Amino acid sequence: MTLPINEALILSCILFSIGVLGVVVRRNIIYVLMCIEIMMNAAGLAFVAASARHGSLDGQAFFLFVLPVAAAEVAIGLAIALLIFQRYKTLDLWVVARTKEA
Amino acid sequence: MAQNILFYLAAVMAVATTSMVVITRNAVYAVLYLIMSLFAVALVFLSLNAPFLALVEIIVYAGAIMVLFLFVVMMLNLQGQRGDEATKRPTRRQMIVPGALALLLLILIVVSLSAGTPAATNAALSDPKLLGELLFTKHYLGVKLSGIILLIGTIGGLHIGRGGSIPSTMEKPIDDVTH
Amino acid sequence: MFYNNGLPALWLIPALPALGALIIFIFASRMPARAAGIIACSAISLSFLWVLNVGTTLVLGNHHHFVEHHWNWIAAGPFQGSASFYFDLVTFAFTFVVAGVGLLIHLYSYSYMKGDAGERRYFGYFNLFAAAMLVLVTAENAFFMFLGWEGVGACSFFLIGHWYQKSENTVAATKAFLVTRLGDIFLLIGLFLTATLVGVSFSQQSAWTQVATSSFIPGFGGLTGPQLILITGICFLLGAAGKSAQVPLQVWLPDAMAGPTPVSALIHAATMVTAGVYLIARFHILFALSPNLMLAVAIVGVLTAFYGATSAFVQTDIKRILAYSTISQIGYMFLGLGVGAWSLAVFHFFTHAFYKALLFMAAGTVIHSLHNEQNIYNMGGLRTKLKGTYLAFLAGAASLAGIPFITAGFYSKDAILWNTLSTKWGSPVIYGIAMLTALMTAIYSFRLIFVVFHGTPRKDIHVHLPDRLLTWPLYILAFFAIVAGFLNLPIVFGVTPIWEHSFARVFGEWQAEPLIHSHAVEWMALLGSGVLALGGAGIAWLLYSPAKAPMPEPAGDIATVENNTPAPYKAVWANFLFHGWKMDGFYNKTFVRGFRITSGVIAWIDRVFVDGIFEAIQAIVRGFHALVIFFQNGRVSRYAMVMLFGAVAIITILLIGSQR
Amino acid sequence: MTLLLSLLLIPLLGTALVGLSGWVDRNFARVATLIIMIVDLAVAIILMARTSGGPVQVIHPWIPSFGVSFNLYVDGLSALLILLTTFIGVIAVIISWNEIKEKVTSFHIWMLLLQTGILIVFMARDMMLFYFGWELMLVPMFFLIGVWGHEEKLYSAIKFFLFTFTGSIFMLLALLYVYFQHAAQTGVLTFDLTQLLQTELSATAQTWVFLGLFVGFAVKVPIFPLHTWLPDAHTQAPTAGSLILAGLLLKTGVYGIMRITIPMAPAAAVYFTPWIIGLALIGIFYGALAAYPQRDFKRLVAYSSIAHLGFVILGVFVGNAAGYQGAVLQMVNHGLATGALFLIGGMLQQRTHTRLFEMFGGLWRQMPVLGGFLLFFCFASLGIPGTGNFIGELYVMGGAFTYHPLVGALTVFGILFAAAYSLRIFLATMHGPETTAFKNLPDASPRETLALGTLVAALVAIGFFPNLVTGPLYYPPDLSVPQSGRATTPAMVMPVETGTPSPVLAPTSPPLHTYLLPMNSNQLSDQRFDIASLSPDQQEVR
């Protein structure tokens with residue numbers, strides 16, 4: 001039975017592109033973080049697809065490495081988001097960028 | 001054959017939910033859509049003969065990370081009030097350039113993949129014992145490193161989240177050097 | 001220690017005043033002002049005694065010269081210069097004057113400068129000057145002489161600018177130093193050229209005679225032999241003209257009167273200004289090698305003499321009259337050199353030193369007793385009040401004018417005039433101008449006598465009687481001004497001229513051989529110049545006798561003010577002569593202003609253009625900075641976009657790369 | 001051999017001592033630095049005596065893989081410049097005794113580091129070590145100007161740093177090119193100058209190497225178009241800073257040209273000589289003319305040092321014994337005379353807090369001793385005989401005349417303009433009606449008189465005994481290159497002018513560049529003239 005490897009890779013690209021789109025377009029920091037999660041997830045998918053293609057488990061092992069990176073990244077990202085919210089009372093990145101430090 | 005149907009189903013679901021994440025105005029909806037997208041990806045893992053990873057994804061990704069997201073969203077009560085600039089849906093105009101770039105990226109990757117060699121058939125079943133063995137022999141270093149990354153994540157989160165005020169973002173840049 | 005193998009050490013002559021100067025400078029603050037004067041006078045007197053000692057050993061022992069080598073000072077490839085001394089008859093004449101007259105002037109200034117604020121500084125530099133001048137005249141080679149040459153220039157700068165509070169003195173001192181320095185530069189170029197031609201050592205004359213006798217003279221650096229000699233000669237002439245205030249470079253001497261009178265007496269009458277004569281006398285072989293060089297020297301000499309006489313004729317400041325007369329008399333010396341009468345030029349220097357120093361010091365006494373009044377038209381009738389000074393002044397002026405048979409001036413000037421007429425290098429035209437100048441010299445010297453001493457005092461200034469130190473040196477010099485002439489009585493008197501005979505050994509076959517031998521013509525010339533002198537005195541009596549001494553009416557228009565000295569005459573020609581043929585103004589307008597403008601422009605160019613290039617580079621870099629900063633505006637999404645763009649670009653490149 | 005290392009280690013380790021003593025009490029730092037400097041001076045004097053016997057060399061491997069070795073080589077020229085460095089170092093510390101009030105310890109630490117840097121430059125035989133020393137010099141001087149300078153200190157410090165740094169990049173480029181060329185030809189990776197000099201360089205390669213090195217050093221010298229950093233750096237530097245900047249840093253540029261640029265690319269040097277002589281002449285007149293109208297004391301002196309350095313470069317490139325000795329003499333004299341002028345400028349600024357001439361005037365009555373010193377140094381800087389400058393200029397002029405009479409004549413005219421600005425320095429400050437701005441300024445203190453007195457003594461000593469400086473030099477300088485070394489240099493071997501002058505040397509008007517002829521090293525040693533020739537021996541003119 002042929003696994004839908006190619007299709008999986010294409011799917012991961014699509015998800016990755018949507019993630020990128022989200023990061024670039026959205027102005028709320030939470031959305032940006034989420035989109036980064038999407039990209040991470042797409043990358044993981046690609047890993048698994050690759051391992052399926054080459055028949056070795058390395059790819060899947062790598063997916064397991066992707067997870068902690070994503071987890072750590074979110075942890076810190078959200079912490080920063082909290083602080084930004086605390087300091088600027090808004091999560092809108094454009095507003096934050098414009099208020100130059102006195 | 002069954003995998004393919006499952007795969008296509010999951011794929012459509014994944015794409016739909018992720019795009020909804022990007023589009024929705026309400027933060028909570030976005031998180032939920034993201035969770036559904038993770039489920040879809042888990043299904044894809046199943047279709048790729050990696051049941052262990054599918055479960056891991058659901059437990060770790062959906063379970064832990066998304067819960068954290070949900071927690072933060074709830075805390076900051078981003079209910080997507082009307083008129084709040086932060087959650088406003090990006091306008092059409094803003095979408096054009098990034099959209100084009102994302103599309104271009106997609107096409108490029110697809111083009112490069114299609115030139116690839118035909119798929120191998122004998123997909124190895126992702127057996128947790130084999131995987132565990134592999135992890136602690138060949139990728140032992142990787143495991144250690146991800147352990148460290150997690151440690152960094154926790155410390156970082158703690159330190160920053162401690163509420164200590166971030167020093168003003170940037171010290172006044174050295175004034176203009178010339179007279 | 002002062003005698004090596006029987007001969008007296010030469011280094012002692014300049015060393016004594018140098019030591020005096022050193023002591024004065026080092027212990028200046030810890031010694032009373034008068035002590036400086038005493039140290040200075042004792043140093044110069046010891047030096048004078050030592051000069052006499054060395055001179056007598058030289059003359060009595062019938063040596064040609066002494067050479068004393070000390071250490072190897074300059075060894076710049078072909079240019080050698082060792083610190084060594086040379087003493088022959090010419091040096092004896094010059095050292096005798098420098099040390100002898102110098103001693104008298106030191107004594108004179110001991111009382112003249114009493115109570116002056118910078119007295120220690122004055123005597124220090126006075127001794128240093130004497131040391132430098134003695135080094136100049138006793139150096140064995142030209143580079144060591146150059147040490148004295150520039151030292152003398154520096155000391156004249158210090159001493160002219162002695163009363164430095166007034167800025168005119170500073171301007172005068174700077175002008176003196178820079179103009180003489182310009183002369184020094186030509187001298188240095190000349191030295192480098194001769195160094196490659198015949199070497200610059202005075203004791204090793206072998207190379208000189210070898211070049212002189214050989215038919216072919218080696219060229220150097222693209223110049224043929226005769227061309228090289230001509231250029232070197234011109235350089236030496238300009239160098240000498242700079243230091244001895246001859247026509248092209250004489251503008252500094254009249255302004256140098258800003259210094260104290262003893263300074264003018266020693267430096268600007270007796271010693272420093274005659275350094276040019278010494279230089280040409282030393283390099284006489286070089287000059288004798290090309291006839292048109294000799295002509296050049298003669299022309300410069302006679303022209304300067306004429307220039308000096310005409311300007312002195314109209315001056316109103318007593319010291320400026322003497323300054324212009326010094327220029328004129330040195331012109332005569334150059335004329336003597338130009339016609340090949342080397343020893344007579346030195347003789348004229350010898351006599352001139354006495355009566356010119358006498359005139360300056362007498363003028364100093366007059367000024368001192370009239371409380372620093374220098375305008376002769378404010379004086380008058382001093383004959384009765386300052387009798388002694390009057391008599392000394394009269395002797396000096398008579399000698400300057402050349403009153404026949406009794407004054408030294410007559411013999412030395414007449415000898416030069418006779419040689420101008422009779423030798424192969426001389427020419428009747430030059431002789432004519434020289435005689436005319438002699439007449440004018442007589443006129444202005446006696447004008448000085450009548451206006452200052454005769455008649456009734458124009459202003460009732462209380463005459464403060466000078467003390468003995470201000471008058472005794474005058475009498476000694478007056479004696480010499482009369483007696484010195486007998487050293488060189490003309491042959492027609494039936495007696496051998498001692499000076500010319502003894503100097504024949506030094507200048508040897510390079511003396512000018514006379515063309516006219518008949519004694520009758522010589523007598524005619526002798527009497528002619530005597531008549532001219534007496535005639536001049538008569539004319540002066542007619543013009544300036546006490547009854548008719550006309551007060552120069554102040555000039556109406558201020559137009560003829562030359563570097564802030566208004567011309568006192570109505571007549572335009574008088575003002576023209578008063579300002580020294582307006583050469584000083586001309587130099588100011590062209591060279592001085594030109595220098596200032598160019599330096600201003602260059603400083604501006606440096607600040608704007610040369611620096612501007614690097615400021616421009618800086619501006620470009622800052623431009624890039626502004627460009628880059630545009631992307632750094634803090635909006636995170638903008639960064640993401642740029643990253644995306646980068647990623648896409650890289651992937652496309654990789655793809656295209658892999659396709660090919 | 002420990003002599004060389006100790007020369008370097010004393011100031012280097014000294015910084016620790018200074019740091020410590022400074023921590024205890026500010027003034028201890030000053031005293032400690034002074035002691036260190038004096039000890040270093042003593043070592044330099046011993047070294048000077050030692051090198052009269054022949055060059056002293058120490059080699060320790062440093063980075064063997066790249067062929068970089070801690071290779072110190074001191075011959076006559078280096079020993080002389082080292083002596084000058086340590087001598088000026090002592091004076092610099094004495095002078096800044098009460099001028100530097102704040103951050104005293106770090107000031108003295110920077111001074112010691114600067115000394116080490118300069119000493120390394122003068123001793124380094126290994127090009128990488130040379131480059132290390134070259135950059136080490138920059139940092140302390142940057143801080144000396146930047147922190148303790150006057151009004152526009154930051155601008156000048158950065159300008160100084162950038163100028164020299166970009167210059168050193170060209171230098172590094174050229175050095176590396178030769179390094180790799182050498183490695184390609186001989187397969188040996190080394191930065192040792194002696195071996196690098198043996199690389200075969202084609203004509204174009206030599207041209208580029210020469211230009212690279214020359215530009216690198218020309219910025220430092222400074223030569224005409226690249227000089228604009230000098231006036232700013234000098235005016236804004238503290239007295240000790242501008243003393244060392246004028247006294248030593250400019251000399252490292254000339255030393256670099258003498259020791260590295262010309263031996264490395266002799267044919268290119270021959271080709272570019274007319275251009276460089278032109279630049280030098282422009283520098284002389286340009287420096288003098290630009291100096292005259294300046295309104296700032298130290299800025300005027302800074303421009304004047306451009307003119308003096310023009311003489312030095314002229315001496316170096318004129319290509320004969322006289323020019324070379326004149327260049328070295330002028331380097332030493334310029335260090336002493338212009339250094340002293342900067343000292344006096346600093347003293348005046350310390351007393352009156354200004355450097356502008358229009359504020360001064362008639363100060364001689366208030367400060368007779370200082371006035372006397374200023375008078376001496378102004379006359380020294382215009383080259384009055386009896387001071388070393390005259391001898392230096394005379395040698396350079398002699399060399400220029402042998403090169404070509406026209407060039408010689410132009411050089412001689414240069415000193416006329418020198419007289420103009422030198423007199424202006426003295427007259428504007430000391431002569432003229434006394435200014436009402438300052439009343440009874442304190443005259444030179446014993447400390448200042450000591451410093452200036454030693455400089456006067458040194459200048460007069462060189463003025464009357466130039467053999468002190470030209471003694472240890474031998475000519476042509478260290479060209480230990482085998483005869484066949486260069487393909488393109490003229491093969492004629494000319495009788496090299498030795499130190500012993502014959503009474504009258506019929507001018508052989510030697511061809512332009514005996515200087516650049518490769519002489520094998522054994523021929524070098526016999527034509528040296530040692531210091532002993534100083535004693536006045538009557539008979540034969542040595």
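In what follows, chains carry the letters A, B, and so on, assigned in the order in which the sequence lines appear, proteins first and then strands, with residues in each chain numbered from 1. Keep in mind that what you see is a predicted model, and the values were worked out from it rather than measured. Any value given below was found using the heavy atoms of this structure, including those in side chains, with hydrogens, waters and symmetry copies removed.
- Residue with the most contacts toward chain B among A:Ala71, A:Ala81, A:Gly77, A:Ala42: A:Ala71 (heavy-atom pairs, distance under 4.5 Å).
- Of the atoms belonging to B:Ala11, heavy atoms from both backbone and side chain fall under 4.5 Å from chain A.
- Heavy atoms closer than 4.5 Å to chain A are found nowhere in B:Leu151, neither backbone nor side chain.
- In this structure, B:Gly153 and A:Ile76 approach most closely via the heavy-atom pair O-CG1, 4.0 Å.
- Atom CG of residue A:Leu33 and atom CG of residue B:Leu68 lie 10.0 Å apart, to the nearest 0.5 angstrom.
- For B:Val44, the part sitting under 4.5 Å from any heavy atom of chain A is the side chain, from C-beta outward, and nothing else.
- Closest heavy-atom contact between A:Glu37 and B:Leu34: CB-CD2, 4.3 Å.
- For chain B, the nearby part of A:Leu64 is the side chain; its heavy atoms alone come within less than 4.5 Å.
- Only the side chain of A:Leu78 comes within less than 4.5 Å of a heavy atom in chain B; its backbone stays farther off.
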- Could you walk me through whether A:Tyr31 and B:Thr24 pass the side chain to side chain contact (heavy atoms under 4.5 Å, CB included) check? CA-CA 10 Å; A:Tyr31 281 90; B:Thr24 58; 4.0 Å; yes
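- Here B:Ser19 contributes atom OG and A:Leu21 contributes atom CG; the two are 10.0 Å apart, rounded to the nearest 0.5 Å.
- Of all the listed residues (A:Asp58, A:Leu82, A:Val74), the one sharing the greatest number of non-hydrogen pairs under 4.5 Å with chain B is A:Asp58.
- Residue contact with chain B, scored on non-hydrogen atoms closer than 4.5 Å, involves the backbone and the side chain of A:Ile14 alike.
- Contact annotation: the side chain of A:Asn41 never approaches that of B:Thr18 to less than 4.5 Å [non-hydrogen atoms, C-beta and beyond].
- Annotation: the span from B:Leu131 atom CG to A:Ser51 atom OG amounts to 9.0 Å, rounded to 0.5 Å.
- Interface remark: A:Ala49 contributes backbone and side-chain atoms alike to the contact with chain B (heavy atom separation under 4.5 Å).
- Note that CZ of A:Arg26 and CD1 of B:Ile23 are 9.0 Å apart. Values are rounded to the nearest 0.5 Å.
- If you tally non-hydrogen atom pairs under 4.5 Å between each of B:Val41, B:Val60, B:Leu103 and chain A, the highest count goes to B:Val41.
- Heavy atoms closer than 4.5 Å to chain B are found in both the backbone and the side chain of A:Ile18.
- The shortest non-hydrogen separation linking B:Gly142 to A:Phe65 is C-CE2, 3.4 Å.
- Between chain B and the options A:Ile38, A:Val20, A:Ile10, heavy-atom pairs under 4.5 Å are most frequent for A:Ile38.
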- Query: Could you go step by step and tell me if B:Phe52 and A:Gln60 meet the side chain to side chain contact (heavy atoms under 4.5 Å, CB included) rule?
  - Reply: CA-CA 10 Å; B:Phe52 171 70; A:Gln60 296 186 3; over 6 Å; no
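- Both the backbone and the side chain of B:Val15 come within less than 4.5 Å of a heavy atom of chain A.
- In terms of heavy-atom proximity, A:Cys35 sits nearest to B:Val22 at SG-CG2, 4.3 Å.
- Interface summary for chain B: among A:Ala75, A:Gly44, A:Ala61, A:Gly19, the most heavy-atom pairs under 4.5 angstrom belong to A:Ala61.
- Within residues 133-140 of chain B, the residues that have a heavy atom under 4.5 Å from a heavy atom of chain A are B:Leu134, B:Leu135, B:Lys138, B:His139, listed by number.
- The nearest pair of heavy atoms linking A:Val48 to B:Ala50 is CG1-CB, 4.2 Å.
- Atom CD of residue A:Glu73 and atom CD1 of residue B:Ile152 lie 13.0 Å apart, to the nearest 0.5 angstrom.
- Of all heavy-atom pairs spanning B:Phe45 and A:Leu45, the tightest one is CE2-CD1, 3.5 Å.
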